[in-house]
Amino acid sequence: MRTLFVAGNWKMNPNSAEAAVALAEAVKSGVGQAVDVRVAVCPPAIYLSRIDPVLAGSPIGLGAQNMHAKPDGAYTGEISGAMLVDAGCTHVILGHSERRHGQGETDDAVNGKLHAALAAQLIPIVCIGETRLERESDLTEDVVARQLEHSLAGLSPEQMAGVVLAYEPVWAIGTGLTATPQQAQAVHAFIRRQLAAKFGEATAARVVVQYGGSVKADNAAELLACPDIDGALVGGASLKPADFLGIIEAGQSVTAKGKG
Ligand code: PEP
């Protein structure tokens with residue numbers, strides 16, 4: 001069965017390396033050696049090499065929030081996959097809605113980064129999800145299908161099995177609005193059917209699909225208990241150790257009970 005995976009996206013926070021190190025230390029000591037739930041933190045790029053030694057000896061992965069598709073060259077301000085690996089990264093978030101909608105990142109751009117991440121041996125967390133208008137226009141499945149089709153183009157089933165997806169309805173990110181477990185499960189099940197059609201049933205059954213969008217300690221358990229929800233990508237609540245650890249604990253109790 002798929003192991004639940006909880007990742008924290010710190011976005012452009014906190015404001016100092018000292019605060020970032022303190023946050024990573026608090027998460028590390030709270031997680032201890034718990035390995036029944038996969039955990040990663042994704043700090044701003046400038047803190048990655050400071051946080052890598054903090055996480056040494058813990059099972060917590062270190063993720064970046066973006067990368068460039070090219071391995072090197074004249075790309076001012078950009079960071080390559082090899083640089084992220086050199087800084088200690090194991091994971092990279094790709095196609096977050098704040099990049100798709102704020103920076104005009106297209107599915108094709110995400111696809112280029114995805115291939116580059118896999119070539120660099122990073123575990124990609126590829127974000128997809130519809131806007132409020134798209135949901136209200138009954139376009140959720142169309143949008144998600146299009147994002148999957150183009151963002152995942154050219155992957156082999158074996159490569160796909162190592163990719164993490166994050167279904168993040170844009171209207172639920174940072175808004176305090178959360179998809180109900182029924183809404184989220186319905187889209188996750190749709191995603192898995194799409195993966196099965198494209199990559200085969202066996203691969204689809206292996207792919208970890210996180211939910212993201214205002215996940216908190218008090219709503220995590222019911223989301224994580226859904227059969228096709230395999231973890232959470234957490235923004236705001238990942239900046240408060242108690243809240244983030246509460247989500248991990250919810251994942252541990254769902255794991256202990258089993259999904260039935
Ligand atoms: C995110 O940034 O991916 C996210 C889901 O944010 P939040 O948890 O704050 O909604």
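Both counts, for ligands and for their atoms, begin at 1 and track the order of listing.
Heavy-atom proximity to Ala172, at under 4.0 Å, picks out these atoms of ligand 1: 10 (O). Of all atoms in ligand 1, numbered sequentially from 1 with element shown, those under 4.0 Å from a heavy atom of Gly213 are 5 (C), 10 (O). Close approach of ligand 1 to Ser214 (heavy-atom distance below 4.0 Å) involves ligand atoms 7 (P), 8 (O), 10 (O).
In terms of modelled atom types and a separation under 3.5 Å, the side chain of Lys28 and the main chain of Ser58 share no donor-acceptor contact. Ser253 places a side-chain N or O within 3.5 Å of a backbone atom of Ala250 that can act as its donor or acceptor partner. Side chain of Arg100 to main chain of Cys127: a donor-acceptor pair is present (N/O by atom type, distance under 3.5 Å, no hydrogens or angles). Tyr211 places no side-chain N or O within donor-acceptor distance of the main-chain N or O of Pro181, the cut-off being under 3.5 Å.
Below 3.5 Å of separation, one finds no N or O of Leu233 facing any N or O of ligand 1. Of the N or O atoms in His96, one or more lie within a sub-3.5 Å distance of an N or O in ligand 1.
At a threshold of 4.5 Å between side-chain heavy atoms, the hydrophobic network of Ile, Leu, Val, Met, Phe, Trp and Tyr places Val254 and Val164 in two separate groups.
Under 3.5 Å, the side chains of Asp36 and Gln252 contain a donor-acceptor pair of N or O atoms. A donor-acceptor contact closer than 3.5 angstrom links the side chains of Thr131 and Glu134.
For the residues Gly174, Pro169, Ala237, Cys42, the heavy atom positioned nearest atom 10 (O) of ligand 1 is part of Gly174. Counting only non-hydrogen atoms, the option in Gln65, Glu168, Gln210 that gets closest to atom 3 (O) of ligand 1 is Glu168. Residue nearest to atom 7 (P) of ligand 1, selected from Ala166, Gly235, Ser238: Gly235 (by heavy-atom distance).
With respect to atom 9 (O) of ligand 1, the closest heavy atom belonging to the protein is Gly236 N, 2.8 Å.
By the criterion of a heavy-atom distance under 4.0 Å, neither the backbone nor the side chain of Cys127 is placed next to ligand 1. Contacts with ligand 1 closer than 4.0 Å are made by side-chain heavy atoms of Asn9 only, the backbone lying farther away.
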* Asked: Hey, mind stepping through Tyr167 and Glu130 against side chain to side chain donor-acceptor pair (under 3.5 Å) and telling me if it holds?
  -> CA-CA 9 Å; Tyr167 167 61; Glu130 81 288 359; 2.8 Å; yes

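By the 4.0 Å heavy-atom criterion, Lys216 is excluded from the residues contacting ligand 1.
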